[in-house]
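This report concerns only the one structure given below.
Note that these values count all heavy atoms, side chains included, but never hydrogens, waters or copies made by symmetry. This one's a predicted model, so the numbers in the text were calculated from it and none came from an experiment.
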Amino acid sequence: MLRREIPPMDVVGGWLLRMNGTGVAPAESSSMLGYCRRWPDQALRLGYWEGEPVAVVVEADGDDWPGFRDWLAQVSVTQSELLATALQVTRWDRDHRFCGRCGHATRRLTHEFAMQCDHCGLRGYPRISPCIITLVTHGRDMLLARGPRFPPQRYSTLAGFIEPGEAVEAAVRREVMEEVGVDVGRVSFFKSQSWPFPHSLMMGFFAEAASRDIHIDGQEIVDAAWFSPATLPQLPPAYSISRQLIETHRGAVAMR
C-alpha cells in the first residue's frame, strides 16, 4: 500500500510509474510499476510503496500505452489509490507553476505536495474537488440517469459538485432536485472514492425518494428512469463508486 511520506531528495531510485498524457507504461509482469535504480531528473516523488520509495514521471506522448481507466479496471484498490495520486499530483505540478495571487513563478517544496511563491508568500496545494454521488431508491427500484456525454445506452447514479458553504447532505438533496426533480427523504453515507478525472473526491450516498415523479433538467441529464434490480441498463464500470452503489443495493434487495 502507499505510505504518504515523500522520500527525501537524497533518495534517487525505487519504484517508478511511467505515464504519458493518456496512459501508463506496462512494466514487467504487466504491472504498472517497474524498478529503477535512478529516477529521471523530472520524476515526482509520491511516497513509499510496500516499503520502497515510489515516484512518477510524465514522458512525451507517442507510445500507445494502456489508458488510465483501463488500468483502474484491472488493478487492486490499493494500486488504484497510487494511480489516482500520481494522476492528480502530475496535473497539479503541470498546472500550478505560477502563483494565483501575484503571477510570479512558484517552486515545488520537497517535503510535501506544495507550491511556494517566494514573492508574496502564498502556498498552494493540489486541488481536490469534493463531489456527491448518490443512488436514489424507491423500495426495490433505482433511479438511474444518462448524461449527454455517456456512452450509448449507459445509465448511472446522480452526481455533482458541492458548492461553497454547502453541507454534503444538502448537496445530495439539491443535486437530485436540480437534475431529476425528485425530493428525497433519508440520506445515508456509503463510502468515498478518489476520482482523478481530473481531481474529484466522490462521496457516495443512498437517498430514499419521496415520490417517483421525474422531471429532468434536459442539460446535465438527458434521460432518467426507474429500474428494477432485475432489469438494468448498461451500467458504469465495476471499479466506479457508482457501480458499487448499485451492486450494494442489488445485494441488499436480494437478501430480503
Side-chain angles (χ1 to χ4, degrees), residues 1-97 105-116 123-131 191-204 236-241 243-244:
M1 62 184 303
L2 178 63
R3 188 168 94 237
R4 295 180 177 276
E5 175 187 337
I6 300 179
M9 294 303 292
D10 58 359
V11 174
V12 297
W15 294 115
L16 182 64
L17 189 69
R18 297 173 57 215
M19 295 169 34
N20 61 15
T22 58
V24 178
E28 295 181 5
S29 304
S30 300
S31 169
M32 292 190 302
L33 289 171
Y35 201 82
C36 182
R37 292 188 177 274
R38 187 172 187 85
W39 293 322
D41 291 340
Q42 69 271 31
L44 289 169
R45 292 161 171 77
L46 298 177
Y48 291 84
W49 178 257
E50 297 181 348
E52 294 285 342
V54 61
V56 59
V57 64
V58 179
E59 302 180 2
D61 290 343
D63 291 306
D64 188 19
W65 294 337
F68 303 128
R69 294 173 189 261
D70 295 330
W71 282 107
L72 287 174
Q74 59 180 293
V75 299
S76 66
V77 173
T78 54
Q79 289 175 320
S80 69
E81 180 183 339
L82 174 63
L83 179 55
T85 302
L87 284 167
Q88 293 181 70
V89 168
T90 53
R91 177 180 288 269
W92 160 75
D93 183 71
R94 183 196 69 190
D95 293 350
H96 292 80
R97 297 178 181 178
T106 57
R107 61 181 176 89
R108 182 162 49 86
L109 301 186
T110 59
H111 66 284
E112 63 177 338
F113 295 135
M115 292 290 195
Q116 178 72 34
R123 183 171 294 185
Y125 298 90
R127 177 178 176 181
I128 299 174
S129 301
C131 304
K191 63 184 292 188
S192 62
Q193 181 184 46
S194 175
W195 192 251
F197 303 109
H199 37 60
S200 296
L201 174 62
M202 309 299 294
M203 288 171 274
Y239 61 82
S240 66
I241 191 172
R243 181 66 172 271
Q244 294 167 34

To the nearest 0.5 Å, tell me how far [X] [atom1] sits from [Y] [atom2].
X: Ile6; Y: Arg45; atom1: CD1; atom2: CZ; result: 9.5 Å
X: Trp15; Y: Leu46; atom1: CH2; atom2: CG; result: 14.0 Å
X: Arg69; Y: Tyr239; atom1: CZ; atom2: OH; result: 5.5 Å
X: Ser194; Y: Ile128; atom1: OG; atom2: CD1; result: 7.5 Å
X: Phe113; Y: Thr85; atom1: CZ; atom2: OG1; result: 7.0 Å

Between Gln116 and Arg123: side-chain donor-acceptor atoms closer than 3.5 Å: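 A donor-acceptor contact under 3.5 Å links the two side chains.
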Keeping the roles fixed (side chain from [X], backbone from [Y]), state whether a donor-acceptor pair exists under 3.5 Å.
X: Arg243; Y: Pro236; result: yes
X: Trp71; Y: Val24; result: yes
X: Ser200; Y: Met202; result: no
X: Thr90; Y: Ala86; result: yes
X: Trp39; Y: Val54; result: no

Could you check if a side-chain atom of Leu33 sits within less than 4.5 angstrom of a side-chain atom of Gln79, using non-hydrogen atoms only?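 Leu33 vs Gln79: side chains apart.
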State, with a plain yes or no, whether a side-chain heavy atom of Leu44 is found less than 4.5 Å away from one of Trp92. no
Please identify which of these residues, Gln88, Gln42, Arg108, meets the side-chain contact (heavy atoms from CB on, under 4.5 Å) condition with Asp93. Arg108
